[in-house]
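Side chains included, hydrogens not; waters and symmetry mates left out as well; all remaining heavy atoms used. Labels below follow one simple rule: chain letters A, B, ... track the order of the sequence lines, proteins then strands, and each chain is numbered from 1.
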Amino acid sequence: MRRIINYHPDRLTGLLLAMLPFVLLIAAYAVGSQARLAENADDKLMPAFATFVDAMSHLAFEPNRRTGEYVFWTDTLVSLQRLGLGLGISTLLCIVIGVPIGLIPYLQQFLNSFMAAFSLIPPLAVLPILFIIFGLGETSKIVLIVFGIAPFMIRDVTIAVTQIPREQLIKAQTLNASTWQMMTQIVFPQVLPRLYTGLRLGLGAAWLFLIAAEAIASEGGLGYRIFLVRRYLSMEIILPYVAWITFLAFAMDFALDRLSRWTCRWHHLAS
Amino acid sequence: MTEIVVKDLFKDYDRVPVLERVNLTLTDHEFCVVLGPSGAGKTTFLRLLLSQETPTRGSIEIDGRPIAPEPEADRGVVFQRYSVFPHKTVLHNVMIGPELTRSRFLGRLFGKARRELEEKARGLLGQVGLADAVDKYPVQLSGGMQQRLAIAQALIMEPKVLLLDEPFGALDQSTKKSMHGLILDLWRANRMIIIMVTHDIQEAFTLGTRVLMIDKVRHDPQAPEAYGSTITQHLRLDPQRKPSLGLAGAEESRTMQDIFRSWADRMGPAVVADPADEPPRQPELLCHAGE
């Protein structure tokens, strides 16, 4: 009998093991749902799978009678657009602010403590301010996402820059590099993997702020829909939406990991 | 013809003197090795030469002109670690210097200029024995190969002075030996001045045309930080393998082995396993080409 840490599953067993929790969860739901529905056919809390399919095909494949839109896809598109803009702007800020702060001592002294304090402001607490300044439209939701994730991403990039060995920057200078060249050729490519990691970690928070903003004031979006149908206890819509949001988040995380492997091959060689 | 003159150099850190009264003149094609116990200020001396630090007093001149207050391409460098860029391939690591020099905005050359540079870089990589590794990333190379790459990367800039900060300190003995051969070949071929810091006394005597010992002359047991280090011994190794021209005149009459032994004592037992070992001296490097 070996110690348990020395047993490794083979490929197939590993795959089955990884799928098992999902299967168990679905099975548990099916059993629970059936039991409740057997007792009360009008139970709204745990709808049967057929009800999900019904409700979702209605939202996804039939145009809305009033607006003519396919509600599910419009919601998805609107939410992804807000999320994408929020993440994109945050990434851009990271690059144009985070890299120089980490590299230029004067800038670091000037902005480091400020950024540290700024990143501690609870974003949801300033949401009313954003609504007052930017109105209830798209801008305030995107700004909320940026406000929520950019400061800590910038700090992370700044720290990554300061962790680049001093020797490399000295060496670069002996190779005639200007500050601009050091930023673009030496520093930025080396913090890029860290930026991807920051984005992946920020994804969860970005979704949180998106759904919060959509729940409070919006005319569409995945978060908006969930909070709208909550009034009718429409679990048959809420649960698939939650699953869909989870899937989107997972897909984005996966895509970012792939992108990192593809664009920063050198970084992933070591591990 | 390159000449380095270090005049009356002092360096304090927060009023604690590290180096004091360092004077040194190196003329064309010298291989100067700086020895000293840990903490004596060897690396500080190298950093001053590199302009990574500024001297508290005194001056460093290359060819009669004070060195720039920041690192420049006239002084190449190889550190013990982190000298190469992990995100660039071996070939690109060598090409990067000229690319940065000639393309100020993009840092990238295109077309004919790029092909010519690539040719040059490949040639240089061949010289350091990395011809088969051009497309690898530094993380895929062994420690010795990374240092070869760092040397090629510095050499393509054709520096007047090459500064080496314990470049072989992290390598095993056999790799070290082959690196010694390589650096001597390159030093002869490129006719530059090399200044190398090491704590390996055998290495110093193997490579150097000059060997310096940096150490504290005055020592106050009540205040061990009161005085800085300076050049306490200064050997010129000549073709007849007799040391001459020490700062301390008494060195003249002694044999190499005596000196080696006494220096090894100064460096402490951790540095040389057996100070009685004859200093290994490769015959071909005893002759200064053309002198």
Can you tell me which of A:Gln173, A:Arg166, A:Gln181 forms the most heavy-atom pairs within a distance under 4.5 Å of chain B?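 Among A:Gln173, A:Arg166, A:Gln181, the one with the most close pairs to chain B is A:Gln181.
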[atom1]/[X] to [atom2]/[Y] distance, rounded to the nearest 0.5 angstrom?
X        : Y        : atom1 : atom2 : result
A:Gln185 : B:Ile96  : CD    : CD1   : 5.0 Å
A:Ile170 : B:Tyr82  : CD1   : OH    : 15.0 Å
A:Ser178 : B:Arg104 : OG    : CZ    : 5.0 Å
B:Leu106 : A:Trp180 : CG    : CH2   : 9.0 Å
B:Arg81  : A:Gln168 : CZ    : CD    : 11.0 Å
B:Arg108 : A:Thr184 : CZ    : OG1   : 10.0 Å

Between the main-chain N or O of A:Arg265 and the side-chain N or O of B:His87, is there a donor-acceptor pair closer than 3.5 Å?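 Looks like no, no N/O pair under 3.5 Å.
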Part of B:Val139 within contact of chain A (heavy atom distance under 4.5 Å):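 For B:Val139, the side chain is the part near chain A, not the backbone.
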For A:Leu175 against B:Phe85, the heavy-atom pair lying closest together: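 Heavy atoms only, the tightest pair is CD1-CE1, 3.9 Å.
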Nearest non-hydrogen partners of B:Gly76 and A:Thr174, listed with the distance: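 Closest approach of B:Gly76 to A:Thr174: CA-CB, 4.5 Å.
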I need the full list of side-chain hydrogen bond (donor to acceptor under 3.5 Å, both in side chains) pairs touching residues 245-255 of chain A, with sequence neighbours left out, sorted by first then second residue.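 Passing the test, one end in residues 245-255 of chain A: A:Arg200-A:Asp253.
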Can you pull out every side-chain hydrogen bond (donor to acceptor under 3.5 Å, both in side chains) where at least one residue sits in residues 125-142 of chain B? Sequence neighbours excluded, please.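 Qualifying pairs: none.
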Return yes when atom [atom1] of [X] has more than 12 non-hydrogen atoms of other residues, nucleotides or ligands closer than 6.0 Å, and no otherwise.
X        : atom1 : answer
A:Tyr106 : OH    : no
B:Asp14  : CG    : no
A:Phe254 : CZ    : no

Any residue of residues 48-62 of chain B which, by heavy atoms, sits under 4.5 Å from chain A: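 So the qualifying residues are B:Leu50, B:Gln52.
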Identify every side-chain donor-acceptor pair in residues 144-169 of chain B under 3.5 Å, counting partners at least two apart or on other chains, and give the distances.
{"residue": "B:Gln146", "atom": "NE2", "partner": "B:Pro138", "partner atom": "O", "Å": "3.0"}
{"residue": "B:Gln147", "atom": "NE2", "partner": "B:Phe79", "partner atom": "O", "Å": "2.8"}
{"residue": "B:Gln147", "atom": "NE2", "partner": "B:Gln80", "partner atom": "O", "Å": "3.3"}
{"residue": "B:Gln147", "atom": "NE2", "partner": "B:Pro167", "partner atom": "O", "Å": "2.7"}
{"residue": "B:Arg148", "atom": "NH1", "partner": "B:Val128", "partner atom": "O", "Å": "3.0"}
{"residue": "B:Arg148", "atom": "NH2", "partner": "B:Ser178", "partner atom": "OG", "Å": "3.3"}
{"residue": "B:Gln153", "atom": "OE1", "partner": "A:Lys171", "partner atom": "NZ", "Å": "3.2"}
{"residue": "B:Gln153", "atom": "NE2", "partner": "B:Asn93", "partner atom": "O", "Å": "3.1"}
{"residue": "B:Gln153", "atom": "NE2", "partner": "B:Asn93", "partner atom": "OD1", "Å": "3.0"}
{"residue": "B:Lys160", "atom": "NZ", "partner": "B:Asp63", "partner atom": "OD2", "Å": "3.2"}
{"residue": "B:Glu166", "atom": "OE1", "partner": "B:His199", "partner atom": "ND1", "Å": "3.0"}
{"residue": "B:Glu166", "atom": "OE2", "partner": "B:His199", "partner atom": "ND1", "Å": "3.3"}

